[in-house]
**Q** 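Please read through the structure below; I'll follow up with questions.
As the structure lists them, so they are numbered: ligands from 1, and atoms in each ligand from 1.
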Amino acid sequence: MAYIITKLCLDCKDIACTQVCPVDCIYEYSGDDTSIPKNQLLIDPDECIDCNACVPECPWEAIFEEEMVPEIFHEDIEINARIVGKPRFVPKRPEDKKMPSSQEVQANKEKWGYVA
Ligand code: SF4
Ligand code: SF4
């Protein structure tokens, strides 16, 4: 079991989550494989200790426990696993990042067809 970052992170990537992960297992991909997205972060399922610390920290509500991943984002379970053993780093949060408004968070969900 592990926690999963879904497409709700795509292009949002404010990097609040890496600040709280106690085992630094939330990564940005830095290799050349185009099947692994760089415009979102990914959780290494072999390193995640299921502590839940990242979930309330994500302003875009993009992170789910694996069992709770909405069906519409199920392929993200496999996409997160692609980060295992690949070139990667733990990004730091830019100082100038603003928190999204609740309207922006809702619009991002609707963009992906996810109604929570
Ligand atoms: S806090 Fe959420 S939206 Fe931001 S980088 Fe982490 S998973 Fe992505
Ligand atoms: S659940 Fe805990 S260990 Fe897993 S990615 Fe989130 S903060 Fe890191």
**Q** Who's the nearest protein heavy-atom neighbour of atom 3 (S) of ligand 2, and how far?
**A**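 The closest heavy atom on the protein side is I49 N, 3.4 Å.
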**Q** If the cut-off is 4.0 Å to any non-hydrogen atom of C21, which atoms of ligand 2 fall inside it?
**A**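 Under 4.0 Å from C21, ligand 2 has these atoms: 3 (S), 7 (S), 8 (Fe).
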**Q** Would you say the side-chain atoms of D50 and Y3 include a donor-acceptor pair closer than 3.5 Å?
**A**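 No donor-acceptor contact under 3.5 Å links the two side chains.
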**Q** Within a distance under 4.0 Å of any heavy atom of C54, pick out the atoms of ligand 2 and give their elements.
**A**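 Listed by number with element, the hits are 1 (S), 5 (S), 6 (Fe), 7 (S).
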**Q** With a 4.0 Å cut-off on N to O distance, would you call K7 and D76 a salt bridge?
**A**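 Answer for the salt bridge query: yes.
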**Q** If I take every N, O or S atom of C48, is at least one of them less than 2.8 Å from atom 2 (Fe) of ligand 2?
**A**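 Coordinating: no.
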**Q** Is I26 near ligand 2, meaning one of its heavy atoms is under 4.0 Å from it?
**A**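 A heavy atom of I26 does come that close to ligand 2.
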**Q** Using heavy atoms and a threshold below 4.0 Å, how should the contact between I43 and ligand 2 be classified: side chain, backbone, both, or neither?
**A**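 Contact part for I43 vs ligand 2: side chain (C-beta onward).
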**Q** Taking only heavy atoms of V23 into account, list the atoms of ligand 2 that are under 4.0 Å away from them.
**A**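 Near V23, meaning under 4.0 Å from one of its heavy atoms, ligand 2 has 3 (S).
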**Q** For I5, take its heavy atoms, then give the atoms of ligand 1 lying under 4.0 Å from any of them.
**A**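 Under 4.0 Å from I5, ligand 1 has these atoms: 7 (S).
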**Q** Among side-chain atoms of D14 and W60, is any donor-acceptor pair under 3.5 angstrom?
**A**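 There is such a pair between these side chains.
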**Q** Would you say the side chains of Q40 and Y29 form a donor-acceptor pair under 3.5 Å?
**A**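 No, no side-chain donor-acceptor pair sits under 3.5 Å.
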**Q** Give a yes or no answer on whether the side chain of E78 reaches the backbone of E75 with a donor-acceptor pair at less than 3.5 Å.
**A**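 Side chain of E78 to backbone of E75, a donor-acceptor pair under 3.5 Å: no, none is there.
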**Q** Is it true that a side-chain atom of K111 and a backbone atom of Q106 form a donor plus acceptor pair closer than 3.5 Å?
**A**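 No, K111 side chain to Q106 backbone: no donor-acceptor pair under 3.5 Å.
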**Q** Could you tell me the residue and atom name of the protein heavy atom closest to atom 2 (Fe) of ligand 2, and the distance to it rounded to 0.1 Å?
**A**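 Of the protein heavy atoms, C51 SG, 2.3 Å lies nearest.
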**Q** Salt bridge or not between E47 and R88? Use side-chain N to carboxylate O under 4.0 Å.
**A**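 Yes, charged N to carboxylate O under 4.0 Å.
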**Q** Which of the numbered atoms in ligand 1 are under 4.0 angstrom from any heavy atom belonging to I63?
**A**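 Counting atoms of ligand 1 from 1, those under 4.0 Å from I63 are 7 (S).
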**Q** Going only through I, L, V, M, F, W and Y residues with side-chain contacts under 4.5 Å, is there a path from F73 to I77?
**A**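 In one cluster with F73: I77, yes.
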**Q** Between CD1 of I26 and SG of C48, what distance do you get to the nearest 0.5 Å?
**A**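 Answer for the CD1-SG pair, I26 versus C48, is 8.0 Å.
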**Q** Salt bridge check: are E61 and K109 linked by an N-O gap of less than 4.0 Å?
**A**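 Yes, this pair counts.
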**Q** Are any side-chain N or O atoms of T18 and backbone N or O atoms of V90, one a donor and one an acceptor, separated by less than 3.5 Å?
**A**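 A pair under 3.5 Å: no.
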**Q** Everything protein-side that's N, O or S and under 2.8 Å from atom 4 (Fe) of ligand 1: list it, residue and atom.
**A**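 Near atom 4 (Fe) of ligand 1, the protein supplies D14 OD1.
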